[in-house]
> 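Once you've had a glance at the structure underneath, I'll fire off some questions.
Keep in mind that this is a model prediction, so the values were computed, not measured. Here is the naming used below: chain letters follow the sequence lines, and residue numbers restart at 1 for every chain. Side-chain atoms are counted along with the backbone in the values below, which use heavy atoms only and exclude waters and symmetry mates.
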Amino acid sequence: MPAPDRPTLDGVEQRWARTWEERGTYRFDRTRPRPEVFSIDTPPLTVSGSLHIGHVFSFTHTDAVARYQRMRGRAVFYPVGWDDNGLPTERRAQTVFGVRCDPSLPYDPAFEPVNGSGRQVPVSRRNFIEVCERLRDTDEKAFEAVWRRLGLSVDWSLVYVTIGERARAAAQRAFLRNLRRGEAYLAEAPTLWDVSFQTAVAQAELEDRPTRGLAQRLRFLVDGAPVEVETTRPELLPACVAVLVHPDDAEHRHLVGRTARTPLFDVEVPVMAHHLARPERGTGVVMVCTFGDLTDVAWWRELSLPTRVVVTRDGRLTATPPQALGRAGRGAYAQLAGRSLDEARRRVVEMLAEAGDLAGPAVAVERPVKFYEQGDRPLEIITGRQWYLRNGSHDEGLRDRLIERGRELSWHPDRMRVRYENWVGGLQGDWLISRQRFFGVPIPVWFPLDGSGRPDHGRPIPAGEADLPVDPATAAPPGYEEARRGVPGGFAADPDVMDTWATSSLTPQIVCGWESDPDLWERTYPMDLRPQGQEIIRTWLFSSVLRAELELGGLPWRNAAISGWVLDPDHKKMSKSKGNVVVPIDLFERYGSDAVRYWAAKGRPGSDTTADEGQIRVGRRLAIKLLNASRFVLAAGEAGEGVPTEAVDQAFLTRVAGAVAEATEAFEDYDYTRALEVTEQLFWSFCDDYLELVKSRAYGDLGPEGAASARSTLRRSLSTLLRLLAPFLPFATEEVWSWWREGSIHLARWPEPDAPAGADARMVDDVVMVLAAIRRAKTEARLSMRAPVGCVRVAGPAAVLDRVRAALADLTAAGGVASWDWTPRGGEPAVEVRP
RNA sequence: GGGCGGUUAGCUCAGCUGGUCAGAGCGCCUCGCUUACACCGAGGAGGCCGGGGGUUCGAGCCCCUCACCGCCCACCA
């Protein structure tokens with residue numbers, strides 16, 4: 001199809017997206033051996049949210065690299081996944097369809113969710129999962145449409161979902177292997193618990209939020225003498241099991257070894273020394289409760305303190321008092337039993353005040369409190385039976401290996417490695433992978449029931465690997481009849497599902513066909529690139545390295561590209577709650593996808609970027625300019641097979657070759673931004689300088705030989721420029737390519753830096769210098785660029801004059817120069833223009 | 001509390017191992033409807049490179065220190 005008279009970007013996205021799909025342009029060629037493959041482990045996006053500009057930003061970076069590698073001749077394995085597993089989908093199902101899961105209800109095949117508001121309808125687990133699936137299907141279609149519009153060169157036949165069969169099987173298989181090797185284990189331990197979601201959460205999902213509270217001073221008694229203890233959680237006083245001071249605290253260390261009595265509940269607790277007790281905090285004397293925070297857990301463990309539980313899973317005080325309380329204590333506790341934590345806190349303070357056990361007024365304080373990152377109530381710590389996966393926190397050997405893997409991995413940018421090492425070095429405990437939720441991958445395990453129908457958690461019955469994926473809630477374990485479910489001597493399913501990261505951590509295994517497609521596995525694993533956000537280094541990246549190390553003993557990929565944030569124009573991180581989120585589709589409509597991609601690619605690896613419509617406009621201008629310049633080049637006429645003969649043409653091609661070398665080097669280093677900058681600069685110099693200079697000659701005004709040389713150079717340069725820009729502007733470049741070439745530019749070979757022998761690239765600068773001087777003179781004289789000038793005098797070193805004179809015919813034509821005057825001399829070249 | 005980034009023209013940002021490194025684009029101003037493009041072209045003005053010390057013949061670039069901004073980690077008394 002020849003170039004149209006008035007090229008336009010309108011409709012290019014729809015047209016080319018369709019063509020690429022029909023022709024399978026980005027289909028992975030799985031006949032290619034591993035060295036010819038470039039495989040990418042893309043982040044499975046949470047489909048329950050909405051796609052925002054940050055996703056567009058980072059996915060464009062990956063796509064630019066993918067397109068570069070494809071043009072380098074690699075078969076690019078570039079699947080895309082949706083994370084539809086877990087809590088976010090459940091939450092959205094609850095709000096969109098107004099349902100709530102009640103596992104005790106029976107399945108209702110006729111149930112139809114209504115888009116709704118108001119009260120949440122309780123439904124069975126199976127109905128709930130069906131609602132989640134329905135929601136997920138529509139969400140995923142919407143996401144895919146955005147990605148196609150953006151022009152991601154993913155292979156859409158390779159889509160995977162984290163709740164899908166393949167992912168469930170892989171997650172369960174990996175878990176069973178972990179179980180067999182003793183890396184997964186069941187333990188009764190203090191657990192961070194979200195009282196809203198009614199589930200345990202892992203360390204990686206915590207975040208600190210500054211939270212206001214009241215610090216109270218409580219009066220304990222040690223041998224009849226009052227000792228003040230400060231706390232923001234007075235309601236946990238009945239759970240107090242010890243009082244601590246720092247061993248070097250001169251003021252308090254005499255108390256160590258003695259016994260304190262708690263106010264109100266009158267329980268005897270030991271006074272002990274521990275180095276984590278901070279003399280400068282509060283009164284320097286701290287009470288340990290089971291459990292107020294993670295420090296309590298550490299103290300409880302290290303000092304072998306007893307357990308005194310008062311908090312229930314729904315965030316209330318237990319109905320019955322702890323055993324340790326005496327008669328007086330029980331009386332006091334009765335006023336707190338069953339109350340919410342907030343109520344109990346207020347009540348216990350009143351009681352303390354009445355009893356005269358408060359040493360002063362409450363002081364308002366703000367301190368960091370741990371929240372589940374998706375939750376809105378502070379986490380509590382309760383004791384429960386949960387599944388854990390070893391992660392090196394208690395195993396120096398494993399930890400060192402994980403650190404070592406982090407060093408083997410190439411990070412882009414390199415400094416991101418520090419975050420990984422910080423995280424691995426700071427792990428507090430093994431990874432808690434069980435969740436008390438519904439829409440997730442079930443833990444593939446049952447427990448035998450004893451004679452009285454109680455499960456024996458010490459002897460889990462693992463599923464058979466051949467049966468995966470399995471839902472223990474509906475399938476019977478190997479060797480059992482379904483009829484024995486729930487009956488004494490029979491079995492019971494483990495009711496829990498896995499943490500969503502327990503599935504996501506296996507994306508390389510899932511997409512590369514681990515244990516299910518050995519041929520694919522051979523060609524794609526370990527993968528080349530893991531692109532992801534910095535905020536999930538501690539979760540996705542770390543857990544992926546861990547799972548691969550445990551199962552396969554090595555890194556799952558060679559490179560990790562960590563993207564930065566997109567900030568709004570006020571330098572705030574974008575978030576829905578701030579209302580500053582930019583919707584990508586809207587930008588695509590207004591500026592075109594290439595323009596948005598251009599803006600994204602200007603964001604350097606790992607650096608934050610501002611959402612700047614000005615930059616997007618520049619991208620649009622670049623795309624339009626490309627269409628117009630290309631039209632001109634192609635309209636100038638065929639070049640034949642001739643090699644450029646004019647010195648200035650050869651000089652420009654040398655410049656082009658230099659840019660190709662630089663862009664290639666940048667891309668090899670994952671620095672797509674530098675590749676774009678180099679290319680962009682070349683392109684504008686091509687349009688503004690070279691093209692203007694040789695225009696007359698290209699038209700044939702200066703004879704056929706010069707015309708052939710110019711046309712050949714124009715076409716060679718254009719071909720190279722288009723290919724250099726193809727990773728960034730896939731639509732505009734493909735459009736132009738289609739005007740004069742067969743096949744997709746995205747399957748064309750990346751250009752080689754081949755410069756003509758003996759050409760001198762400095763000539764371009766010298767000639768442009770003179771051209772610019774002529775233009776300046778015309779502008780200052782308020783003349784049209786086409787206006788003729790009289791005499792142009794050039795003074796400077798002889799070598800410079802020679803280089804300028806080598807393009808004299810072009811300069812004379814482009815500048816409309818009547819005569820020239822040359823003055824060889826040392827120093828900086830100078831140009832004087834006379835009317 | 002520890003750590004990692006950042007602070008360069010009004011705005012968004014380049015400036016590699018210290019010596020044309022004071023740059024680009026946007027915006028602004030002026031000029032120009034030139035047969036690729038007015039969704040354009042040409043030209044111009046704009047900065048004591050966050051502050052303060054130091055090293056050096058020479059420092060946006062190295063060292064120290066302070067101040068802001070962003071983020072990560074941290075045991076919430």
> Strictly by Watson-Crick or wobble contacts shorter than 3.5 Å, is anything paired with B/G1, and which nucleotide is it?
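Pairing partner: B/C73.
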> Can you check the distance between B/C75 and B/G15, where both ends of the measurement are the P atom (answer in whole Å)?
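Comparing P positions in B/C75 and B/G15 gives a spacing of 37 Å.
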> OP1, OP2 of B/C26 versus side-chain N and O of A/R617: anything below 4.0 Å?
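Result: no.
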> Expressed as a whole number of Å, how far does the P atom of B/G1 sit from that of B/U20?
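The answer is 41 Å between these two P atoms.
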> Check A/D249 against A/G284 and note the closest heavy-atom contact, atom names and distance.
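That closest heavy-atom pairing would be OD2-O, 4.1 Å.
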> Please state whether the rings of A/H274 and A/W299 are parallel, tilted or perpendicular, taking 30° and 60° as the class boundaries.
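Ring orientation of A/H274 relative to A/W299: perpendicular.
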> Distance between the C1' atoms of B/C62 and B/C49, in whole angstroms?
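Pairwise C1' distance, B/C62 against B/C49, rounds to 16 Å.
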> Do A/K370 and B/C76 share a donor-acceptor pair, side chain to base, under 3.5 Å?
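Flag unset: no donor-acceptor pair detected.
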> Salt bridge or not between A/K695 and A/E692? Use side-chain N to carboxylate O under 4.0 Å.
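The answer is yes: the pair qualifies as a salt bridge.
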> Given B/A14, B/A38, B/A77, identify the nucleotide with an atom nearest to the side chain of A/A277.
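Of the options given, the side chain of A/A277 lies nearest B/A77.
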> May I ask which nucleotide in the shown strands pairs with B/G50, Watson-Crick or G-U wobble, both distances under 3.5 Å?
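Paired with B/G50, as far as the under-3.5 Å criterion goes, is B/C66.
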> Are any of the side-chain heavy atoms of A/W411 and A/L541 separated by less than 4.5 Å?
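Side-chain contact under 4.5 Å: yes.
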> Is the phosphate of B/A14 approached by A/K602 (side-chain N or O, under 4.0 Å from OP1 or OP2)?
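No, outside the criterion.
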> If the cut-off is 4.0 Å, is A/R786 near the phosphate of B/G41, judged by side-chain N/O to OP1 or OP2?
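Negative; the distance criterion is not met.
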> Could you tell me whether A/E230 and A/R281 make a salt bridge, using a distance below 4.0 angstrom between a side-chain N and a carboxylate O?
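Answer for the salt bridge query: no.
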> Can you tell me which residue among A/E680, A/R617, A/R621, A/R620 is in a side-chain hydrogen bond (donor to acceptor under 3.5 Å, both in side chains) with A/Y598?
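Among A/E680, A/R617, A/R621, A/R620, the one meeting side-chain hydrogen bond (donor to acceptor under 3.5 Å, both in side chains) with A/Y598 is A/E680.
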> Just the rounded figure in Å: distance from P of B/C31 to CG of A/L783.
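Nearest whole value for this atom pair: 13 Å.
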> Between C1' on B/A74 and CG on A/D293, what's the gap in Å once rounded to a whole number?
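Interatomic distance, CG of A/D293 to C1' of B/A74: 13 Å.
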> Start at the 5' end of RNA chain B and walk down; is the nucleotide closest to A/I624 or to A/Q203 reached first?
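It is A/I624, whose closest nucleotide lies nearer the 5' terminus.
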> Any idea how A/F291 and A/W300 line up, ring-wise: parallel (<30°), tilted (30 to 60°), or perpendicular (>60°)?
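The rings of A/F291 and A/W300 stand perpendicular, inter-plane angle above 60°.
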> When both hydrogen-bonding distances must be under 3.5 Å and the geometry is Watson-Crick or G-U wobble, what is B/C11 paired with, if anything?
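WC or wobble partner is B/G25.
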> Would you say A/R621 reaches B/C40's phosphate, i.e. side-chain N/O to OP1/OP2 under 4.0 Å?
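Yes.
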> With P as the reference atom in both, quote the distance from B/A14 to B/G50 in angstrom, rounded to an integer.
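These two P atoms come out 14 Å apart once rounded.
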> OP1 or OP2 of B/U12 versus the side-chain N and O atoms of A/T610: is any pair under 4.0 Å?
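Result: no.
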> In whole Å, what separates the C1' atom of B/U7 from that of B/C13?
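Going atom to atom, C1' in each nucleotide, I get 13 Å.
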> Can you find a side chain N or O atom of A/R367 that sits less than 4.0 Å from OP1 or OP2 on B/C76?
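No, A/R367 has no side-chain N/O under 4.0 Å of OP1/OP2 on B/C76.
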> Taking for each residue the nucleotide of RNA chain B bearing the nearest heavy atom, is the 5' side occupied by A/S607 or by A/R620?
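Per heavy-atom nearest nucleotide, the more 5' residue is A/S607.
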> State which of B/U20, B/C37, B/G41 makes the closest approach to the side chain of A/N628.
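Of B/U20, B/C37, B/G41, B/C37 is nearest to the side chain of A/N628.
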> Taking the same atom, P, in B/G6 and in B/C31, what whole-Å distance lies between them?
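After rounding to an integer number of Å, I get 43 Å for this pair.
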> Distance between the C1' atoms of B/A22 and B/G58, in whole angstroms?
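It works out to 16 Å between them.
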> Please report the distance separating the C1' of B/G47 from the corresponding atom of B/C21, rounded so that it comes out in whole Å.
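13 Å, rounded to whole Å.
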> Let me know the distance between CD1 of A/I537 and P of B/G3, rounded to the nearest Å.
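Atom-to-atom, A/I537 to B/G3, this comes out as 19 Å.
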> Please determine whether a side-chain nitrogen or oxygen atom of A/R776 lies at a distance below 4.0 Å from atom OP1 or OP2 of B/G44.
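For B/G44, OP1/OP2 do have a side-chain N/O of A/R776 under 4.0 Å.
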> Now, which nucleotide makes the Watson-Crick or G-U wobble pair with B/U34, with each of the two distances under 3.5 Å?
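None - no nucleotide pairs with B/U34, as no candidate has both distances under 3.5 Å.
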> Please report, rounded to the nearest Å, how far the P atom of B/C72 is from the CD atom of A/E207.
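From A/E207 CD to B/C72 P: 9 Å.
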> To the side chain of A/E692, which of B/U20, B/C73, B/C37 is closest?
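Out of B/U20, B/C73, B/C37, the nucleotide with an atom closest to A/E692's side chain is B/C37.
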